[in-house]
Structures are given as C-alpha cells and as structure tokens.
Number of protein chains: 2
Amino acid sequence: MFFSKSFGYALRSVLYVSAESEKQGKIPLEKIAEGLNVPRHFLGKVMKKLVKQGILSSQKGPNGGFFINDSTLQTPLIQFIHLTGEDDHFKSCVLRLRNCDASRPCPMHSRAEQLRDQWEEVFSKTLVSDLLNKDQPNYIDSIAIL
Amino acid sequence: MFFSKSFGYALRSVLYVSAESEKQGKIPLEKIAEGLNVPRHFLGKVMKKLVKQGILSSQKGPNGGFFINDSTLQTPLIQFIHLTGEDDHFKSCVLRLRNCDASRPCPMHSRAEQLRDQWEEVFSKTLVSDLLNKDQPNYIDSIAIL
DNA sequence: TTGTTAAAAGACATCAATGTCTTTATTAAA
DNA sequence: TTTAATAAAGACATTGATGTCTTTTAACAA
C-alpha cells in the first residue's frame, strides 16, 4: 500500500514546479531539492525520468531549470507509477505467487483484487491538476516537509 | 499495495501448516520450505516470529515441527502485518510526508485514506480460517508455487 | 546417558533502492 | 568566444530486505 520514495519525490516535484512556475519561470533542481527537503542528486535522477517521459520539460544553462508543458497538468497519477516501475502493484498477487490468477486464485485473490482495482481507478482518474490547490495560500507547505 | 515477501511467506506457511496438520501432526521446517518452494533458512526466521507472536507453536527434537494452536485459525490477517513490521502501510502518508494528517493534509491525503482504511478493514476482519478452503481438493496448490 | 532430530540463533553474503560525489554536456549571458 | 550556470550522466557508498551457511539449544528415542 506503499509506493517508493521515488514515486513521492516525483509527484511532489511536479506539484512544486506546477505551483511555483506561476510566479517564476523555470525552477532549477537546487531549488526543488531545497523546497521539498529532498536529496538533490537523487532527485536529479528522478527529474531526468520525468523529462524523458514528457511529464515535465527542462532546459540547461543559466536561468534554466524545470518547467511544465502542455501535458503536465493533465498527467494521471498512474504515470508516476510507470515512472518508478511499480506497475505490478496493480497486477501481481498479494502473496507474490506467480501463477495466481482468476483461474488459479490464491486464497487472497478476490479480496485483494477488488481493493487493487480501486487504487488503480483512483490513480488513473486523478490528474496532477486535481491535486493542485491554488486557493490554498500555503499549498507548498502541504508538499514540503519530507 | 504490496507487502513484503516475509508477509507472504508467513501467511502461506500458516495456511500450509493448518491444512497439512489435519493429516499429519507437526510439520518440520524442511517440509514447509519444500512444499511452498521457499528458501529454508530465511523461512526459519519468519517461523520463529510466528511462534513468538503465538500464531503458531513449535517443538524441537525428533518428530518435532510446527503446529497450530488455539488461536491460529482465528488470527486476523493484520497480525501478519504486525509480524513483518509493515503497520505503516495503513497509517503513513502515500507521499511519505511526516506531518501529513487530517489537519495538515497532503494533496493525496483524503483519496488515499479511504482506500487504506478499506485495506485495513479487510485485513482486520479476515481470519486465517476464512482463507482455508478444505473443500478444495488441491488447496495446497493454490499457495504452493512462489 | 547418549545420539539424533529439529527449532533457534547468529554470522555473513547478495541485491535493489536510495543517497553522495564527480564529471560531462549544453545553453545563455557576458 | 569565453565563461558561468544548470541539467544529465556516471561511479561509488549506504542501507534494509532477503538469502545462505554454520553453530547452538532443546527434546525425544534408543
């Protein structure tokens, strides 16, 4: 029921950049890492994936940094699961049995399947924009402290 | 949405011992490890915890092994979560933020809380006996292959 | 009592996720 | 064109979960 740290870093970073880029333009890694209290270089690797996957854009050089693009706000959360390679959270058996499926269900199969399907639905239908609360004055605080 | 391997080993072992102990008496570690296709010595550590926690009993020496006790079949699945120290699956923030709670919710808080509560309820209400299907002739097969 | 069996315990190995540090590549500004 | 800023990439370290191997402890049987 737990996703990786990388997942959390990725989602929080996108929310951070989305929220901050209204005031400022591009946000450098340094600032994201400080703002979210996250290890800088490790975050760098996560950001790289976000850019490769097209969720964010980046630019090198002076005044460079990360910024949102046309798809950023419409990104469903399940994309962050793909990013961190945790897709099996929605597929694989809770007991980690290989040949557990509808035809050969493990004792937990049906109970777990319902709950997993609900998670998958939430993560497929919820978009980044749904998590952005621009009315909340201290929105950044809600994603800041690790 | 994923629990540890230890969790799976523990639950499957208890189901295995419960099912097998009808025919035979005590089940030695060796046989459980073979029957479930699980690394023997690692399983030994998991079994030790199951005994310490009172979910199973054990006896050393010739004809010894693991066997069920009065509480085994009435054990709720959440006990296996306690065993493997994964309680935070039901408590902690999906984004792993420390100060995320009802008063300072992260953007994922409410969505995740509902789903986590449902998992917790299933794991609290489902007992080992609910997963034992004695009518199914090849019940062991359903928990056997890793 | 002695030997054998099996759980319990401990020491170490492996692996993946995470984290740190350094180097390279690219872009804008001077 | 040179320099500085910044993302990208790579090498290595750390840590916790998992796995293997050996030693110790306890219980039954001969």
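What's counted below: heavy atoms across the whole structure, side chains too, no hydrogens, waters or symmetry copies. On a predicted model such as this, the values are computed, not experimentally measured, just so you know. By convention in this document, chain letters (A, B, ...) are assigned in the order of the sequence lines, proteins followed by strands, and residues within each chain are numbered from 1.
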May I ask you to say what B/Gly65 touches in the nucleic acid, namely base, sugar-phosphate or nothing, with a heavy-atom cut-off under 4.0 Å?
-> sugar-phosphate
How do B/Pro62 and B/Met47 order along DNA chain C: which one's closest nucleotide is nearer the 5' end?
-> B/Pro62
Ring geometry between B/Phe90 and B/Phe3 (parallel below 30°, tilted from 30 to 60°, perpendicular above 60°) = tilted
Answer yes or no for B/Arg111 and A/Phe123: cation-pi contact, defined as NZ/CZ to six-membered ring centre under 6.0 Å and angle to ring axis within 45°.
-> no
When all nucleic acid strands are considered with a 4.0 Å heavy-atom cut-off, which category describes B/Lys45: base, sugar-phosphate, or nothing?
-> base
Of the nucleotides C/dA7, C/dT20, C/dA25, which has the atom closest to the A/Lys60 side chain?
-> C/dA25
Regarding the side chain of A/Ser58, the nearest nucleotide among D/dA8, C/dC21, C/dA29 is D/dA8
Check whether any side-chain N or O of B/Ser6 sits under 4.0 Å from OP1 or OP2 of D/dT18, and answer yes or no.
-> yes
Between D/dA8, D/dG19, C/dA28, spot the one nearest the side chain of A/Val51, thanks.
-> D/dA8
Kindly say if B/Lys5 contacts the phosphate of D/dG19, meaning a side-chain N or O under 4.0 Å from OP1 or OP2.
-> yes
Between B/Lys49 (NZ) and D/dT18 (C1'), how many Å, whole number?
-> 11 Å
Straight-line distance of B/Leu83 CG to B/Gln53 CD, nearest 0.5 Å = 5.0 Å
Taking only the side-chain nitrogens and oxygens of A/Gln59, find out if one of them lies under 4.0 Å from OP1 or OP2 of D/dA7.
-> no
Quick one: which of C/dA7, D/dT18, C/dT18 gets closest to the side chain of A/Phe42?
-> C/dT18
Taking the six-membered ring of A/Phe2, is NZ or CZ of B/Arg96 closer than 6.0 Å to its centre and within 45° of its axis?
-> yes
Closest to side chain of A/His41, choosing from C/dT20, D/dA8, D/dA29 | C/dT20
Which nucleotide in the list D/dG19, C/dA7, D/dA7 gets nearest to the side chain of B/Tyr9?
-> D/dG19
A/Asn63 vs D/dA5: side-chain N/O to OP1/OP2 distance below 4.0 Å | no
